[in-house]
Chemist: 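Quick one: structure below, then a few questions.
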Amino acid sequence: MSETPPDHLSNDPRSKFYDEAVLERGIGIRFNGVERHNVEEYCISEGWVKLPVGKSLDRRGQPMTMKVKGTVEAWFLTPTGDSEQ
């Protein structure tokens, strides 16, 4: 597996950008210079993240999100060989 995180990744299993193997390793996100822990989806090349809006849920029970544009940096929290701990 590559040491570079994917350009576009989502936490939602219904999304085509969902990748369970990558999410198991853990992804760190820095948005506009601030480390974020509540990112639902991101795209590095387009420069946006989707963040939950409060505790609001949509009609399907999923968190309401808003897309925010800025500088996105992503990295793996666990190195390749350490994921089987």
Side-chain angles (χ1 to χ4, degrees):
M1 184 178 275
S2 172
E3 281 302 309
T4 306
D7 177 60
H8 193 155
L9 186 65
S10 175
N11 286 343
D12 186 358
R14 299 173 298 162
S15 171
K16 68 179 183 178
F17 298 108
Y18 177 78
D19 187 347
E20 188 173 353
V22 171
L23 291 171
E24 284 179 2
R25 285 186 63 189
I27 297 285
I29 300 291
R30 187 174 294 117
F31 181 67
N32 288 338
V34 177
E35 194 167 328
R36 304 296 301 237
H37 301 284
N38 62 343
V39 174
E40 295 289 326
E41 186 173 352
Y42 73 84
C43 182
I44 297 171
S45 62
E46 295 177 13
W48 57 263
V49 294
K50 283 190 179 178
L51 302 170
V53 180
K55 296 185 180 190
S56 311
L57 300 176
D58 67 9
R59 61 183 169 208
R60 294 177 189 92
Q62 301 298 314
M64 298 277 288
T65 60
M66 70 179 196
K67 186 189 268 188
V68 184
K69 293 188 175 197
T71 305
V72 181
E73 299 172 55
W75 67 91
F76 285 115
L77 298 176
T78 309
T80 306
D82 295 344
S83 61
E84 291 90 29
Q85 290 183 359

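Quick caveat: nothing in here was measured; it's all calculated off a predicted structure.
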Chemist: If you group Ile, Leu, Val, Met, Phe, Trp and Tyr by side-chain heavy-atom gaps below 4.5 Å, do L23 and V39 land in one group?
Modeler: yes
Chemist: For E46, enumerate each residue passing the side chain to side chain contact (heavy atoms under 4.5 Å, CB included) test, keeping only those at least two apart in sequence or located in another chain.
Modeler: C43, W48
Chemist: When you group the ILVMFWY residues by side-chain heavy-atom contacts below 4.5 Å and let the links chain together, are M66 and V49 in the same group?
Modeler: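 Yes; M66 is reachable from V49 via cluster members.
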Chemist: Going from CG on N11 to NZ on K50, what distance comes out if it is rounded to the nearest 0.5 angstrom?
Modeler: 11.5 Å
Chemist: Looking only at heavy atoms, which two atoms of E40 and T65 are closest? And how far apart?
Modeler: CG-CG2, 3.8 Å
Chemist: Go through the structure and list residues passing side chain to side chain contact (heavy atoms under 4.5 Å, CB included) with N32, not counting sequence neighbours.
Modeler: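 Partners of N32 by the side chain to side chain contact (heavy atoms under 4.5 Å, CB included) criterion, ordered by chain and then number, come out as T71.
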Chemist: Are I27 and Y18 connected into the same hydrophobic cluster when the rule is that any two of I, L, V, M, F, W, Y join if their side-chain heavy atoms are below 4.5 Å apart?
Modeler: yes
Chemist: Should we count CD of E35 as having more than 12 external heavy atoms under 6.0 Å?
Modeler: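 More than 12 heavy atoms, drawn from other residues, nucleotides or ligands, come within 6.0 Å of this atom.
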Chemist: To the nearest 0.5 angstrom, please state how far the CD1 atom of I44 sits from the CD atom of E73.
Modeler: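 The CD1 atom of I44 sits 9.0 Å away from the CD atom of E73.
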Chemist: Given side-chain contact (heavy atoms from CB on, under 4.5 Å), test V68 with F31 step by step and report yes or no.
Modeler: CA-CA 9 Å; V68 184; F31 181 67; 3.6 Å; yes
Chemist: Please report the shortest heavy-atom distance between F76 and P6, naming the atom on each side.
Modeler: CZ-CD, 4.4 Å
Chemist: Applying side chain to side chain contact (heavy atoms under 4.5 Å, CB included), can you list everything that pairs with L57, at least two apart in sequence or on another chain?
Modeler: none
Chemist: Between R36 (side chain) and I29 (backbone), is there a donor-acceptor pair under 3.5 Å?
Modeler: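 A pair under 3.5 Å: no.
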Chemist: Of the non-hydrogen atoms in F17 and L9, which two are nearest, and what is the gap between them?
Modeler: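 Shortest heavy-atom contact: O-CD1, 3.4 Å.
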